[in-house]
Trainee: 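Supplied in structure tokens, the structure appears directly below.
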Amino acid sequence: MNIEMQLKDKVLEAVQHIYSQQVDESAIQIQKTRKDFEGDFTLVVFPLLRVSKKPPEQTAEEIGKYLCDNIHEISGYNVIKGFLNLTLNSSFWVLFLNNVAGKEHYGYITEKENPSTVLIEYSSPNTNKPLHLGHIRNNLLGYAVANIIASQGDKAIKVNLVNDRGIHICKSMLAWQKWGNGITPEKAGKKGDHLVGDFYVMFDKEYKIQIEELIEKGQTEEEAKKNAPLIIEAQDMLRKWEAKDSSTIALWKEMNHWVLRGFDVTYKNLGIDFDKVYFESDTYKLGKEIVQEGLKKGVFFKKDDGSVWVDLTDEGLDQKLLLRADGTSVYITQDIGTAHQRFDDFKANELIYVVGNEQNYHFQVLKLIMQKLGYSFSEYLFHLSYGMVELPEGKMKSREGTVVDADDLMEEMIRTAEEMSRELGKLDDYGENEKNQIIRTIGLGALKYFILKVDPKKNMTFDPKESIDFNGNTGPFIQYSYARIRSLIKKAQAKEIQIPAEIPSVIDINIKELQLIKLIHTYPEILYEASENLSPAIVANYIYEMAKEYNQFYHEYPILSEEKAGISVFRLFLSLQVGKIIQSGMSLLGIDVPERM
RNA sequence: GGUCUCGUAGCUCAGUUGGAUAGAGCAACAGCCUUCUAAGCUGUGGGCCGAAGGUUCGAAUCCUUCCGAGAUCACCA
């Protein structure tokens, strides 16, 4: 039982004892004492005035005295207005710290009684162009959320659903056929996803020209968009694909293969992975049967032309098409199918979709449909809806060439890390291998942290010109703090100082040390909260606070050079724990920490 | 118009089921390296928490209205 629960219990007891009355547990609010006040935990007594029928100060005083007399961990208390601040004795904190040191994965729940299986779908790229900054946010979020969920004892399964079919894919294929002259990634010396992306852009450019021409000849824009020869050819190609025309399929396979190989490189560089990859070319027909069943049950209805719809006007939404008149499926049909399949395949308890907030409506509809169909799992579908990454001048637009490419960005970050290291003379006497390793860690750390520290649901701005900071609330700052700790530990080892598995409980803890220990104390709550809210940002901000606090401590107190051996060892011991948590938290975020930098 | 998000310092962001005097970083200015990594630390300035009401002992947080920004409402995915 943790100390907060223990305090709660005792307060209940105190109220019973002093005022001879029961109160609901929810009336007992124990929180961490704010930094500007003396104490470790604070009881807010306002909700208890109802039973005490006394002024706040007096109530706090009475309860404080009772607690102090009855809990040996409490060494003192003070009352300010309606706040009862309790101070715990140092041996409690030392004991706690020893406990942390003994655990391999402090903060994790390693054995959960009824672990859930949670499926996390993320990334979900189209195979017609390379990944960009928006995908980076998606990938980092999906990966980190999966880690965080797993840390809380549930089983997290990462899946990717690759959108490898459809008209947009045909556009790239058609352009390559027309203007590619048989070029391949090898011949072009280019990553396959970038090469295919070039053809997609090429298509769009030519298509625009054709539209302009048709408009000049007197067609409306709408007509022109439909009648441009290129789009007609692309649609024709899609029909051939669906009819399994062998040469179309062969080209499709080849170009998809190029793109997927390119994605693999990007994923690897980003440091993310999947347990299972689905392809839409395999799944796009799923869901039709379910829709038919729904039609029989009267959940959906058929229009005169034979198309199937769901009416969501009672829910404040519109009608939504589920099957075309020709019986082919649309996007949502497929999602109905895959959701069902996944709950089946994996015996999943929850399904989380990491998808941008532009698709909020889609997922709202999906969930409602599943509900209407009577699937009990409908309430376990979650849309982790993340905000757009915007540039200072607004949204990224491929037409205007303002898309920030994922590969370019990573490369750029690493290069910046390299420049800064050189300017600071940090890595001058490092070997080439280690140096490259470190600048990679730092560059990617800066990028990942920059994105993950922001609350997922919020839109965020990314300014490529200002680039990403390496000072302040950043990945490198945290990595640096970690490297400092590691450096201390290594120096201690060199001096043959043993850091024990436990430290004696009689020790004076100074204010900074206590601050750090208290932060360590909250780590499990932080992970729980991050998991509940599907928010890596909570972990990121916590780790930052920890690093900041540690740097202050480091600056203010000698550690290795502390004369009293006992204190020196204690500080090393504390540093070691802080380092472990930084490492642990960062790894949940998918960010590496260097041994030195 | 319907539905849904968001609005906190010049900029980028924290602020956990409502709690004490709203916090960081960047940018600006002023300090700190003969001592464990200065990618660090300390200090200064900077706020009608979009606005107004309401609920409450107590509101950046909850409710209502309004203002502002964005997304979405496709036989695209």
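Side chains are part of it too, since the values below use all heavy atoms of this structure and drop only hydrogens, waters and symmetry mates. Residue numbers start from 1 in every chain, and the chains themselves are labelled A, B, ... in the order their sequence lines are given, proteins ahead of strands.
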Trainee: Holding to side-chain hydrogen bond (donor to acceptor under 3.5 Å, both in side chains), I want the full list of residues that pass it with A:Glu280, two or more places apart in sequence or in another chain.
Mentor: none

Trainee: Anything under 3.5 Å between a protein N or O and an N or O of nucleotides 33-36 of chain B, put it in a table, one pair a line.
Mentor:
residue : atom : partner  : partner atom : Å
B:C36   : O3'  : A:Lys491 : NZ           : 3.0
B:C36   : O2   : A:Ile559 : N            : 3.3
B:C36   : O2   : A:Leu560 : N            : 2.8
B:C36   : N3   : A:Ile559 : N            : 3.0
B:C36   : N4   : A:Tyr554 : O            : 2.5
B:C36   : N4   : A:Tyr557 : O            : 2.5

Trainee: Taking only nitrogen or oxygen atoms into account, show me every contact under 3.5 Å that the protein makes with nucleotides 5-12 of chain B, one pair per line with its distance.
Mentor:
residue : atom : partner  : partner atom : Å
B:G7    : OP1  : A:Lys458 : NZ           : 3.4

Trainee: I want to know whether A:Tyr200 and A:Phe203 have ring centres closer than 6.0 Å.
Mentor: no

Trainee: Grab the stems for RNA chain B, please: at least three consecutive Watson-Crick or wobble pairs, both distances below 3.5 Å, written as range with range.
Mentor: B:1-7 with B:67-73, B:10-13 with B:23-26, B:28-32 with B:40-44, B:50-54 with B:62-66

Trainee: Could you tell me whether the phosphate oxygens of B:U56, OP1 or OP2, come under 4.0 Å of any side-chain nitrogen or oxygen in A:Arg50?
Mentor: no

Trainee: Sequence neighbours left out, what passes salt bridge (charged side-chain N to carboxylate O under 4.0 Å, His left out) with A:Arg239? Give chain and number order.
Mentor: none

Trainee: Among residues at least two apart in sequence or on other chains, which ones pass salt bridge (charged side-chain N to carboxylate O under 4.0 Å, His left out) with A:Arg324?
Mentor: none

Trainee: So what does A:Tyr331 touch, heavy atoms closer than 4.0 Å: a base, only the sugar-phosphate, or nothing?
Mentor: base

Trainee: Using a 4.0 Å cut-off on protein heavy atoms (strictly under), produce a 5'-to-3' string for nucleotides 18-24 of chain B with B for base contact, S for backbone-only sugar-phosphate contact, and - for none.
Mentor: -BBS-SS

Trainee: For A:Ser281 and A:Asp164, test the side chains for any donor-to-acceptor distance below 3.5 angstrom and give the result as yes or no.
Mentor: yes

Trainee: On RNA chain B, does the nearest nucleotide to A:Ala483 precede the nearest nucleotide to A:Ile30 from the 5' side, or the other way round? Give the residue.
Mentor: A:Ile30

Trainee: Quick one: list whatever passes ring pair (Phe, Tyr, Trp, His ring centres under 6.0 Å) with A:Phe450, sequence neighbours left out.
Mentor: A:Phe462

Trainee: Pick base, sugar-phosphate or nothing for A:Ser385, based on heavy-atom distances below 4.0 Å to the nucleic acid.
Mentor: nothing

Trainee: The criterion is ring pair (Phe, Tyr, Trp, His ring centres under 6.0 Å); which residues satisfy it with A:Phe477, sequence neighbours excluded?
Mentor: A:Tyr544

Trainee: Which is true for A:Gln359 with a 4.0 Å heavy-atom rule: it touches a base, it touches only sugar-phosphate, or it touches nothing?
Mentor: base

Trainee: Let me know, please, whether A:Arg324 or A:Leu424 comes out on the 5' side of the other along RNA chain B by nearest nucleotide.
Mentor: A:Leu424

Trainee: Please name all residues satisfying salt bridge (charged side-chain N to carboxylate O under 4.0 Å, His left out) with A:Arg50, sequence neighbours left out, ordered by chain then number.
Mentor: none

Trainee: Tell me, please, which residues at least two apart from A:Lys32 pass salt bridge (charged side-chain N to carboxylate O under 4.0 Å, His left out).
Mentor: A:Glu525

Trainee: Listed by chain and number, what are the ring pair (Phe, Tyr, Trp, His ring centres under 6.0 Å) partners of A:Tyr284, not counting sequence neighbours?
Mentor: A:Trp241

